[in-house]
J.: 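Handing you this structure, nothing more for now.
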Amino acid sequence: MKKTVFNTRILSAEAVKEAADWLKAGELVAFPTETVYGLGANALDAAAVAKIFAAKGRPADNPLIVHVANPAAAEPLARLGPLACQLMDTFWPGPLTLVLPRQKLVPDIVSAGLPTLALRMPRHPLALALLNECGLPLAAPSANLSGRPSPTLPGHVFEDLAGQIALILDGGPVEIGLESTVLDLSGKQPVLLRPGAVTRSQLQPFCGEILLPDDRHQERPAAPGMKYSHYAPKAQVLLVKGADDLRQEWQKNQKEGCSPLFILSQESLEKLPELPGEQVLLAWPAHNMEFFANKLFSCFRQADKLGAKAIIVETVPETGLGRAIMNRLRKAGGIV
């Protein structure tokens, strides 16, 4: 079993070189992106990529996202049409993943045997430094056990994968806290497979009509986070709307002898002075979806540490980043 090195040198050339050397040797390295921490392997090495699936306990039919250092590095990996190039010019580096027709250079295991490939260029300086140092495309799903809340701190990676990977590069807390937007450009019309920080409204001026996934995408997913339970804490996640429903759910749990934890807006919290403070995991500022998104997965992991049986979460409007938040909450609550 490998000894995980919890590296705190952040942007030092020595740390980046050490991580790159592990990747070139076919080992796994966890590193920060602006979305969540990723678990990287050489995307052109099928044996190295297989270690990702083994470490995470990830189903073999769940494709991976490949990270590149620049748009030019994507050209040997996938067929890039004019729309893809335009979106890369506009949103890369950043939290947008594009699903494109795969080139033969990429092993089947990366795309779970599909003829497509999910690609993105991360914005985090440490991720870009690592990609440039190793000179490889990196297959990198979230650095957590499959189905668990995604890691937004290096300690989250250590909790799930210590002893199974070669190195954790510590970049501190991530910026966004939710996985990238995934847009499928492999068909006649763009399909939004997973919402994220790059919103549908931001993409529409370039894409026109953007479709949503249908049953076909659920059965054989072209991107992560579509078919299986994801992002879930051990506690049951209950979604409610507004202060009145929060109060009703709390009273119901009290009668059943349960002490749930709460994630709600500050506005609703002010309307519920009876809620015990120790049961409030997070109260986000009104309309601040960025704050909510950034803290969500950390709250789920904190609930696990506290041994919570249930987490009652106030829903948000499905506009902008709220669409991505609700996507993750539904997945965490087992609501497809």
J.: Return the set of residues passing side chain to side chain contact (heavy atoms under 4.5 Å, CB included) with Q189 (not counting sequence neighbours), or none when no residue passes.
T.: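 Testing Q189 for side chain to side chain contact (heavy atoms under 4.5 Å, CB included), a comparison that skips the adjacent residues, returns E209, L211.
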
J.: With sequence neighbours excluded, what pairs up with R79 under the side chain to side chain contact (heavy atoms under 4.5 Å, CB included) test?
T.: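 Result, side chain to side chain contact (heavy atoms under 4.5 Å, CB included) vs R79: P101, Q103.
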
J.: Could I get the full list of salt bridge (charged side-chain N to carboxylate O under 4.0 Å, His left out) partners for D245, not counting sequence neighbours?
T.: none

J.: Quickly, which of L96, V68, V66, I65 forms a side-chain contact (heavy atoms from CB on, under 4.5 Å) with R120? Name it, please.
T.: I65

J.: Determine which pairs satisfy ring pair (Phe, Tyr, Trp, His ring centres under 6.0 Å) with at least one residue from residues 118-140, sequence neighbours left out, and list them in order.
T.: none

J.: Looking at K51 and E27, does any basic side-chain N land under 4.0 Å from a carboxylate oxygen?
T.: yes

J.: Would you be so kind as to tabulate the donor-acceptor pairs closer than 3.5 Å made by side chains of residues 257-264, with sequence neighbours excluded?
T.:
none

J.: Do S150 and E179 get their side chains close enough for a donor-acceptor pair, meaning under 3.5 Å?
T.: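 Side-chain D/A pair, S150 to E179: present.
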
J.: Name all residues meeting the salt bridge (charged side-chain N to carboxylate O under 4.0 Å, His left out) criterion together with E290; count only those two or more places apart in sequence or in a different chain, and write none if there are none.
T.: none

J.: Applying salt bridge (charged side-chain N to carboxylate O under 4.0 Å, His left out), can you list everything that pairs with E249, at least two apart in sequence or on another chain?
T.: none

J.: Run the side chain to side chain contact (heavy atoms under 4.5 Å, CB included) test against E278 and tell me which residues pass, sequence neighbours left out.
T.: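 Residues passing side chain to side chain contact (heavy atoms under 4.5 Å, CB included) with E278: P276.
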
J.: Apply salt bridge (charged side-chain N to carboxylate O under 4.0 Å, His left out) to K241 and list each qualifying residue two or more places apart in sequence or on a separate chain.
T.: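 Not a single residue meets the salt bridge (charged side-chain N to carboxylate O under 4.0 Å, His left out) criterion with K241.
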
J.: Please name all residues satisfying side chain to side chain contact (heavy atoms under 4.5 Å, CB included) with Q266, sequence neighbours left out, ordered by chain then number.
T.: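 Partners of Q266 under the side chain to side chain contact (heavy atoms under 4.5 Å, CB included) test: A283, P285.
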
J.: Going by side chain to side chain donor-acceptor pair (under 3.5 Å), name the pairs with one or both residues in residues 296-305, residues two or more places apart or in two chains.
T.: R148-D304, T152-S298, E159-R301, E159-K305, D160-R301

J.: Check the side chains of T181 and R200 for a donor-acceptor pair under 3.5 angstrom, ignoring hydrogens and angles.
T.: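 Per modelled atom types, R200 and T181 side chains form no pair under 3.5 Å.
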
J.: Can you run down the ring pair (Phe, Tyr, Trp, His ring centres under 6.0 Å) pairs that involve residues 82-107, sequence neighbours left out, and say none if there aren't any?
T.: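 For residues 82-107: F91-F206.
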
J.: Would you find more than 12 non-hydrogen atoms of other residues, nucleotides or ligands less than 6.0 Å from K295 atom NZ?
T.: no

